[in-house]
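Remember, it's 1-based here, ligands and their atoms both numbered in the order they're listed.
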Amino acid sequence: MANKEIPYKIYLSENEIPKAWYNVRADMKNKPAPLLNPGTGKPATAEELTPVFCKELVAQELNNNDREIEIPEEIYNFYKMYRPSPLVRAYCLEEKLQTPAHIYYKFEGNNTSGSHKLNSAIAQAYYAKKEGLKGVTTETGAGQWGTALSMACAYFGLDCKVYMVKVSYEQKPFRREVMRTYGANVTPSPSDTTEIGRKILAEHPGTTGSLGCAISEAVEAAVTQPGYRYVLGSVLNQVLLHQSVIGLEAKAALDKYGVKPDVIIGCAGGGSNLGGLISPFMGQKLRGEADYDIVAVEPASCPSFTRGVYAYDFADTGRVCPLAKMYTLGSDFIPSANHAGGLRYHGMSPILSQLYDDGLIRAVSAKQTDVFDAAEMFARVEGILPAPESSHAIKAAIDEALKCKETGEEKNILFGLTGTGYFDLTAYEAYNNGTMTDYVPTDEELAVFRSHLPQIG
Ligand SMILES: *Cc1c(COP(=O)(O)O)cnc(C)c1O
């Protein structure tokens with residue numbers, strides 16, 4: 001039987017929420033590659049980025065040197081409403097697996113947006129408000145980011161325009177209503193409200209949209225309306241910075257009980273939760289103070305790390321954003337429509353891409369039916385209905401725990417449980433009905449998208 005000295009939930013007190021975000025770039029010898037201006041092919045300057053992003057966020061985006069960035073009081077006070085988030089010892093899952101491993105998860109689903117995205121949404125809305133802007137524009141796929149941003153904008157009294165991938169807009173009407181309840185204006189993308197949307201509709205009539213396309217529309221809406229800026233919920237350096245609050249809290253909680261994780265696991269879409277969860281641990285690893293086995297888990301249907309290339313690519317379909325050097329499948333890659341597990345973005349955070357290229361993290365991919373098997377087991381023993389995205393991390397944690405069962409190792413496994421799955425019940429329905437299928441792109445398919453990469457350097 002497990003040793004119950006460590007409680008089921010390790011709670012920190014309110015004043016143990018970190019006072020500053022941790023900027024892992026400060027400790028990286030090889031810094032992430034800079035964003036490039038697609039017109040000049042040169043690193044994008046603060047001036048070039050300012051029409052798109054808020055000033056303070058541009059500064060954070062370009063800041064490779066300051067290790068700590070203080071969390072403004074207004075953001076800290078908002079964090080207090082739903083943070084610190086619990087760190088849970090998964091005793092019941094350990095029991096179910098009969099593993100000697102100790103499994104911990106950091107649960108970020110305890111807020112209305114249902115995910116970690118609120119940690120960055122509130123920061124981005126705050127800086128927009130402070131700059132005196134009228135509002136922000138963004139895209140959302142599954143809807144978590146749009147929901148988190150709507151909540152943050154409602155809090156600071158900002159206008160929020162969300163371009164929601166059309167297929168999600170139609171399939172997830174309840175997400176849409178949550179956003180509208182918080183006052184957001186939600187438009188299915190592609191739409192006829194932007195030039196790029198009209199162009200995409202003309203070229204691909206009947207398209208159900210994609211994240212890359214919604215990003216292009218949101219950026220256009222921001223740069224063509226005075227008083228608006230664009231905000232993004234993942235991928236960017238600034239987002240990983242804000243998400244470091246996850247890892248800082250997790251580390252503080254484990255430190256209380258003298259627990260050092262051996263393996264740290266996170267699902268990876270654009271990389272923000274994984275980047276945030278691992279940041280203080282990665283800092284120690286980069287400074288040579290400790291070592292950790294860090295694992296990114298991605299869907300087999302959208303395998304940017306495990307089958308992508310490390311190259312400069314467009315961030316969006318309309319090619320209006322700066323170019324980012326990242327592990328990518330090509331900006332017009334769209335995972336198959338039967339993929340219900342989220343994590344659909346074609347590229348990966350430039351910070352994580354550099355760390356992966358330097359061999360400091362490893363990556364695995366998982367098929368969605370295996371991911372839902374893990375989700376079902378987790379829901380039944382741990383009680384939380386996990387988001388499909390988060391369930392990728394659950395799947396990998398279970399695999400690690402089963403390896404420990406074979407070897408007898410008592411490893412400490414930490415994973416990020418990024419959110420809840422209440423709005424993903426269509427996917428659960430397919431799983432429960434036995435109609436869910438797996439899709440894994442062939443090398444030939446991937447080669448086609450790769451051949452569309454811009455030729456840089
Ligand atoms: C958005 C989201 C993710 C993936 O995004 P990352 O930027 O890779 O963290 C994972 N889990 C949940 C619940 C999400 O909403």
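- Ligand 1 has no nitrogen or oxygen under 3.5 angstrom from a nitrogen or oxygen of Gly114.
- Residue-level proximity to ligand 1 for His116 is carried by the side chain, the only part with a heavy atom below 4.0 angstrom.
- The existence of a salt bridge linking Arg83 and Glu108 is confirmed by a sub-4.0 Å separation between a basic side-chain nitrogen and an acidic carboxylate oxygen.
- Close approach of ligand 1 to Cys267 is summarised as follows: ligand atoms under 4.0 Å from at least one heavy atom of the residue are 10 (C).
- Residue-to-ligand polar distances keep Gly233 apart from ligand 1: every N/O pair is separated by 3.5 Å or more.
- Proximity of Ser115 to ligand 1, defined as any heavy-atom pair under 4.0 Å, is confined to the side chain (atoms from C-beta onward).
- Nearest to atom 10 (C) of ligand 1 among the protein's heavy atoms is Glu389 CB, 3.4 Å.
- Given atom 5 (O) of ligand 1, the protein heavy atom at minimum distance is Lys117 NZ, 4.0 Å.
- Numbered from 1 in the order shown, with element, the atoms of ligand 1 that lie under 4.0 Å from a heavy atom of Gly271 read 6 (P), 7 (O), 8 (O).
- Put simply, the side chain of Ser189 never gets that close to the backbone of Ser191: no donor and acceptor are under 3.5 Å apart.
- Interface of Gly269 with ligand 1, defined as ligand atoms under 4.0 Å from a residue heavy atom, comprises 8 (O).
- Relative ring orientation between Phe378 and Tyr105 is described as perpendicular, the plane-to-plane angle rising above 60° on a 0-90° scale split at 30° and 60°.
- In this structure, Thr147 contributes its side chain and Ser113 its backbone to no donor-acceptor pair below 3.5 Å.
- Among all protein heavy atoms, the one lying closest to atom 4 (C) of ligand 1 is Leu343 CD2, 3.4 Å.
- Note: no N/O pair closer than 3.5 Å links Gly419 and ligand 1 by distance alone.
- Under a 3.5 Å cut-off, the side chain of Asn63 and the backbone N or O of Asn65 do form a donor-acceptor pair.
- Centroid-to-centroid, the aromatic rings of Tyr91 and Tyr8 come within less than 6.0 Å.
- A donor-acceptor pair under 3.5 Å links the side-chain atoms of Asn412 to the main chain of Lys260, judged by distance alone.
- Salt-bridge check for Lys395 with Asp399: passed, with a basic side-chain N closer than 4.0 Å to an acidic carboxylate O.
- Atom 7 (O) of ligand 1 has as its closest protein heavy atom Ser234 OG, 2.4 Å.
- By the criterion of a heavy-atom distance under 4.0 Å, the backbone of Ala268, and not its side chain, is placed next to ligand 1.
- What sits closest to atom 13 (C) of ligand 1 on the protein, heavy atoms only, is Thr418 OG1, 3.3 Å.
- Salt bridge Glu382/Lys96: absent, no basic N to carboxylate O contact under 4.0 Å.
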